[in-house]
Structure formats: structure tokens, C-alpha cells
2 protein chains.
Amino acid sequence: MKKVTIKDVAERAGVSTSTVSRVLSPQINNYMRKETREKVLRAIEELDYRPDIRAQSLRGMRTRIIGLVMPDALNPFYQELAYVLEEICYRERYGLLVCSSKNSPTRELTYIDLLERQKVDGIILSTVGLNETKLNSLTKRGIPIVLVDRDVPGADIPVMFTNNYMGGCQATQYLIDLGHKKIACIIGEMNTLSSINRLKGYYDTLQKNGLEIDKKLIKKGKLTFKDGYRLMKELLRKSGDDFTAVFCVNDIVALGAMRAIQEKGKNVPSDYSVIGFDNISLSSISNPPLTTIAQPIKEIAQAAFKTIKRAKRQGSLKKKEHKFWDTKLIVRESCRKIG
Amino acid sequence: MKKVTIKDVAERAGVSTSTVSRVLSPQINNYMRKETREKVLRAIEELDYRPDIRAQSLRGMRTRIIGLVMPDALNPFYQELAYVLEEICYRERYGLLVCSSKNSPTRELTYIDLLERQKVDGIILSTVGLNETKLNSLTKRGIPIVLVDRDVPGADIPVMFTNNYMGGCQATQYLIDLGHKKIACIIGEMNTLSSINRLKGYYDTLQKNGLEIDKKLIKKGKLTFKDGYRLMKELLRKSGDDFTAVFCVNDIVALGAMRAIQEKGKNVPSDYSVIGFDNISLSSISNPPLTTIAQPIKEIAQAAFKTIKRAKRQGSLKKKEHKFWDTKLIVRESCRKIG
DNA sequence: GTGAAAGCGCTAACAC
DNA sequence: GTGTTAGCGCTTTCAC
């Protein structure tokens, strides 16, 4: 009925609370009689006692909570990030506080405030609206923050992400290697560095291969199924059979594009090759299964978590440090050789 | 650099910490001079002070954290539950600690232990392995627990869920109304009450309409795309055109079934009508868009949250109380009228 | 109206 | 080896 505290355990075992505390953290200063330890252990067992993490953390220890702040919890890419991160946290007995900013800077700030007040051990953030000033002031306040997926140039904070440029190159080069010469591109609205870099990879690879860049084949929109569908329809209407392949900035968009093609009575990959980006789990069960560029989500999550733990241990975060991970081409069935 | 505490604010404002505290909770006992309050407010502002929730909660207040423990974070249904719940929590400035048990009872227990030690204000649980004894002992320890989606018969705990039986009836009746007489069924492995009740709805509705139950048309498997696909293939092979429609226990399974049909060169809905369950977001962008039964996720989430808040306020949970919500038929394009 | 002081559950010097 | 004590940041009697 009543909460059982360290005092109850101490009384029951006939020792002081500090002795109980010592039993609880055996790694440090574990000199004590076997007999005493066993008495305490028995009392803990009998009372089914579990130390209060809040109280522990007040005394300077960690809260064992990590906050994840991401732009969109419905986006499969972030869902997978959350999933992977949760797994990592679980192994180390951390909890993951999941927050979606829904692309709203206000909401993002509110969440970060909440996380700060919860004194989480660290925040893994894919920011939609924070600037360097705010970010720097946050780290000064002692909360380790790690940026993932989206960079904030001026901020003195570690950032880990995918080499999006490389991914853009890989995708484009793959299509070129298959014999495609006219390659369309459906891309996000350019407000994120990821999009910019993926597009840059597309540009550079075309040029490197002596192919012309046709602005009419580049469509911009939101990163949704709907917009992928809509923009592909536009492409099909306007440029007819001017192109034979399309590079989509992410898998969701690619899925929308495939739908548009199929609705037009055309076939993927016979008529048009489609390549995506992210390798979300959906892309393996789409029809046809989507060829795509995989992001190193696990590596990013792992690194972010480690960085936070290290920062917490050392009492401070390393300054700006960029970590890139390579992308990987995942060949499935949405692209074909031509010519 | 240094964390700013209530003491700092008190000093700066030239008042005691209790006065600052009073300013922080204006709802209770707010008798104080305007002047004093403003001094304090100014100091808070200047120092950018945020009270530590851990410390607050240690003094008997809530932690403003809710734990969600679910069987499978990759299942779109639970993803949407988490999403909806997060939104509700956000509005009230709560954090949501997301835990997936991955269908492992051990993992579930570990998480619940963690949540208990974090002294979360409540746990919303879709259990995979907890029995009534454990559950009851947990509530005795003072943590409000609410069961969602899955019931544990003996437990003295509120449980809120979908009227799965009704959903099974609705789906089946809809198909019958469209003229279908031979209706197949792809269902989960029967270890959950949801599956059982949905199947029961299917049975009863067939009977009510004077239709025969054909065991050969009922397939059991896991609740995955893969198994939906596999079982549909079996159905198509074995019973050829013995049936014209199929009721799938959830949308993911239905999507897999549709894929199998399409790969066979058949069409949905011309050759076979398909109906799902859950109304996950994917089902609106599938090809064809899936007709399905919607679960009242928002209502469940809202009710669960409210129940926890009430319990926290009153210091105790109501005993066993079942709350059912109606399902709703969502007509899209995967079913057609025949005969 | 406001301050002093006790105490939430725990850890970590410091005694002995 | 083990107990005593102070204190983490906050709220809440109880004085004044």
C-alpha cells in the first residue's frame, strides 16, 4: 500500500540507510561483510524494494531518461529512428521520452523546456526551428544535446548524420549505370540541408557523367505520399516520355510517384525506373519492392546515445563535431536496365 | 554554466525560497503583494529559471510522465496510439515514455520496473504477459495502470478497448450486404481477446445471415504483412474461386492479402473483395485504398489519460471498469457489390 | 503576506 | 565495515 523506501529496507535489515545504499551500488566502495550484504539483499527482496530514480538523480546521478525530439512522428524514417533508439536505451535501462515537434518551432521549444525541467540525461534532436544561440545556451545549462539528421551550422554541438550528398550520388549513378539518360527528380522544399545535399549529389553526378540538367524534370514539394503522387502526375503530363527514371528524395515520395505511374497505366520498372531514399520498412513490401538508398540509422542512434553518455560522465559535451555515415544502395525491383 | 535553482531566484529577488515557490503555484494560496510577485517574476525571467520537476515530484507532486508499454512499436496501430497519446500528453505538458515490450513478457516486466522506479504518474499498458497477481500488486504500490486493447480478466484495473466483436460483425455484414456468400477470413493466432472477438463477430454474423461456416476458408497466422500474403496464397491455391471476399483481422494482413491476389493476376475488388481492421494511415494510400474497420484510438487514448490523471488526484484507481468504444466502417475501394 | 525549517528518498563525505 | 549527517531542489506547515 505504502511506498517502500530505503528506510524501510534499512529498518528491516537492522542497518543504516547508507549501508543499504552501498549494497545498491556495488561498483563503488563495496567493502562490507558478506553477512550484512545478504541481510540487506534479503530485506530488499522481501519488501520488493526499488530505488526511486528521481531521488537518486537529485543527488547528482543521472535520470536515466533520454529525450528524442523529432519533426514528425508519422514519418517512417523517424519512426525507425525512435525504434532503434528505444532498443539501445532499453539495453542500458534508460527510458526514451518521445516528442514530436510536428514541424512547429514553438512546439519544439515547449518540449525542450519540458525535457530540461525533467533533467533528462540528454536530448537527441532533429530540429525544425532552433538557432545556434538557443542551442548554445541550452548546452551551457548543462544538458547534453546531440543533433541528428539536421545540422545547425553555428551551434557548438555534435551533429551526426547521413552523408546525404553521397546518397544522392549513389542513386543517380546507379540509374545512369543502368543506362538512363533522362532522370527526373522529386525533391523536398529545400528547407533542409538533407534535401539540398541529396539534390546536389544528383546534379553533380549528372554533370560528372556528361548528362544535361533539365530543370523541367525537377519537381519540388512536401515530403509526403500525396505530393510524390501529385508531382509525378505533373511530370507525366508535361514531359511525357522525356524521361525514363526518377530519383525521389525519400521513400514515401517514391511510393507516391509509383502510384501515379501505375494509375497512368504504366509499369514500374518497365516504363519508368524509380529509386527512393531512406529504406523505410514499407519500401520492402511495396509493389514492386523499392530500390532505395539506406541511411545508417542504427549507427547514428548508437553514436548519439554514446555521445550523450560520455558527455554526462565528463560533465561536458565536446564542441562541434561532425560525424557522417555512408549510405548504402539497396537494390530491389523498381529499377531496370535500358538502352 | 551552473544550474539555476530556486535559491538563486530567491536571492536575486530578495525574498525567501518559499515566496518563489508560491509564485510558481499561483492556483494555491496566492495571497501576496503585487510588488513581491513582480520582483520574483522578474528574477525568474532574468535568470531564465525553470523548476526541476524531479525535485517538485519528490515533494509529493506528479512527475508529469506517462509510460506507454505496447507489444510492438512497428505495428502501425500502436504507432498511431502512441502518436495520439503523445498529442494528448503534450497539451497538458506531460512527457510520454514509450516502451515496446516486443511481445516479450520479460521485457515488459523490465520496462514496468523502470517506469515504477521513475515514479511515472501512470502506465498505459497493452500487456503481453502480465497476470492479475502482478498487476494487482503494482496498483497496490500506487502506480495507476490502465489496460488498453488487451484485457486481463482477473485484474482489478480499468480497461478500455475497442468493441472488437462489433467490428467483426460490421465487416462481415458489410460484405454480406454487398452480396458475398463465401467469405474467407485471415486471423491472428488466437492468443489475444481482440482476435477471438473479431472472429466471433465473423462467425455470428455469417450464422445470423444463414450462411455456412467453412473452416477451410479460415486461416490463422501472425499479424504481419508476410503472413497475410502467405495465407492468402494458400487460400487462392486451395480453394480457388470458392470465395469472393476476405475479412482480414487487421490492415497489415489485408495489405499482404491484396498483394497475393494481385500477384496471382487477379484484381481487388473485381475478383476478390478485401476488408481490413484498424484503419491505419497506410490503408488510405494502398492500391486500391482499403475498406476497413476503424478503431476509436483517440477515444481510448483520451480516456486512458483521463483515468490516470483522476487516479493520481484521488490517490487511487477505480476498481475494474470496462469501457468499450464502437468501431466504425470506413468504406474505400477494396470491396465491391456482386451477384 | 512572508520567512524559517522540516522533509520528500536518496548518496557521499566524514566519523568511529 | 558501518553509522551519522548534510544536502540535492523543491513544497508546505507553522510562526510571526
Side-chain angles (χ1 to χ4, degrees), chain A residues 2-41 43-44 47-64 116-121 141-143 315, chain B residues 2-41 43-44 47-64 116-121 141-143 315:
Chain A
K2 189 66 179 45
K3 265 180 292 192
V4 17
T5 75
I6 200 170
K7 244 186 209 157
D8 303 322
V9 177
E11 260 171 41
R12 176 152 198 138
V15 298
S16 76
T17 58
S18 30
T19 303
V20 178
S21 178
R22 281 188 196 102
V23 174
L24 291 176
S25 38
Q27 59 276 27
I28 182 110
N29 174 24
N30 54 358
Y31 307 106
M32 67 193 329
R33 290 224 304 279
K34 240 200 180 99
E35 200 185 323
T36 316
R37 153 165 289 118
E38 271 159 13
K39 260 195 311 191
V40 173
L41 251 19
I44 289 180
L47 294 171
D48 202 10
Y49 164 71
R50 288 170 183 73
D52 182 332
I53 300 184
R54 263 149 61 259
Q56 289 182 319
S57 75
L58 244 198
R59 281 291 330 217
M61 292 176 59
R62 49 203 179 170
T63 52
R64 304 197 86 90
E116 186 182 355
R117 293 189 49 195
Q118 290 283 5
K119 292 283 179 293
V120 298
D121 288 339
R141 282 159 156 282
I143 314 167
Chain B
K2 191 63 180 50
K3 267 180 291 191
V4 17
T5 76
I6 200 171
K7 245 187 208 157
D8 303 321
V9 178
E11 261 172 41
R12 176 152 197 138
V15 299
S16 75
T17 58
S18 21
T19 303
V20 179
S21 178
R22 283 191 193 99
V23 174
L24 290 175
S25 38
Q27 58 275 29
I28 181 110
N29 175 25
N30 54 358
Y31 308 106
M32 67 192 330
R33 291 224 303 279
K34 240 202 178 94
E35 201 185 323
T36 317
R37 155 165 286 120
E38 273 159 11
K39 259 195 312 190
V40 172
L41 250 19
I44 289 180
L47 294 172
D48 201 12
Y49 165 71
R50 288 170 182 73
D52 181 333
I53 299 184
R54 262 148 63 258
Q56 288 182 320
S57 75
L58 204 53
R59 278 291 327 216
M61 293 176 57
R62 50 202 177 170
T63 52
R64 304 197 86 89
E116 186 181 356
R117 295 189 47 196
Q118 290 284 3
K119 292 284 179 293
V120 298
D121 287 339
R141 283 157 155 281
I143 315 167

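Labels below follow one simple rule: chain letters A, B, ... track the order of the sequence lines, proteins then strands, and each chain is numbered from 1.
Using modelled atom types and a 3.5 Å distance limit, the side chains of A:Gln56 and B:Arg117 yield a donor-acceptor pair.
Among the atoms of the strands shown, only primed sugar atoms or phosphate atoms (P, OP1, OP2) are found under 4.0 Å from some heavy atom of B:Val15. If you check every strand for non-hydrogen atoms under 4.0 Å, A:Thr19 touches sugar and phosphate atoms only. Using a 4.0 Å heavy-atom cutoff across all strands shown, B:Ser57 reaches no nucleic acid atom at all. Within 4.0 Å (heavy atoms only), A:Thr5 reaches sugar-phosphate atoms of the nucleic acid but no base atom.
In this structure, the CD1 atom of A:Ile53 is 18 Å from the C1' atom of D:dG9, given to the nearest Å. Nucleotide C:dC8 holds its P atom 17 Å from the CD atom of A:Gln56, rounded to whole Å. Between the CZ atom of B:Arg59 and the C1' atom of D:dC8 there is a distance of 14 Å, rounded to whole Å. In this structure, the CD atom of A:Gln118 is 14 Å from the C1' atom of D:dG9, given to the nearest Å. Taking atom CZ on B:Arg50 and atom P on D:dC10, their separation rounds to 13 Å, with Å as the unit. Distance CG (B:Leu24) to C1' (C:dT2): 15 Å, rounded to an integer number of Å. Put simply, NZ on B:Lys119 is 7 Å from P on C:dC10, counting in whole angstrom units. Separating the CD atom of B:Glu116 from the P atom of C:dG9 is a distance of 14 Å, rounded to the nearest angstrom.
Candidate nucleotides C:dA5, C:dT11, D:dT4 were compared by shortest atom distance to the side chain of A:Ile6, and C:dT11 ranks first. The side chain of A:Arg33 lies closest to D:dT2, out of D:dT11, C:dT11, D:dT2. Nearest nucleotide to the A:Tyr49 side chain, out of D:dT11, C:dC10, C:dT11: C:dC10.
In the interface, the side chain of A:Ser21 is not paired with the base of C:dA12 through any donor and acceptor atom under 3.5 Å apart. The base of C:dG1 has none of its N or O atoms less than 3.5 Å from a complementary donor or acceptor on the side chain of B:Arg22.
The pair B:Asp52-B:Lys3 does not meet the salt-bridge criterion, since no charged nitrogen lies less than 4.0 angstrom from a carboxylate oxygen.
Residues B:Val120 and B:Ile143 approach most closely at O-CG2, 4.3 Å, considering heavy atoms.
Taking for each of B:Thr36 and B:Leu58 the nucleotide of DNA chain C with the nearest heavy atom, the 5'-most of the two is the partner of B:Thr36. When each of A:Arg54 and B:Thr17 is assigned the nucleotide of DNA chain C with its nearest heavy atom, B:Thr17 is the one assigned upstream, toward the 5' end.
A distance of 10.5 Å separates CD in B:Glu11 from OG1 in B:Thr17, rounded to the nearest 0.5 Å.
Side-chain N or O atoms of B:Arg54 include one that pairs as donor or acceptor with a backbone N or O of A:Ser57 at under 3.5 Å.
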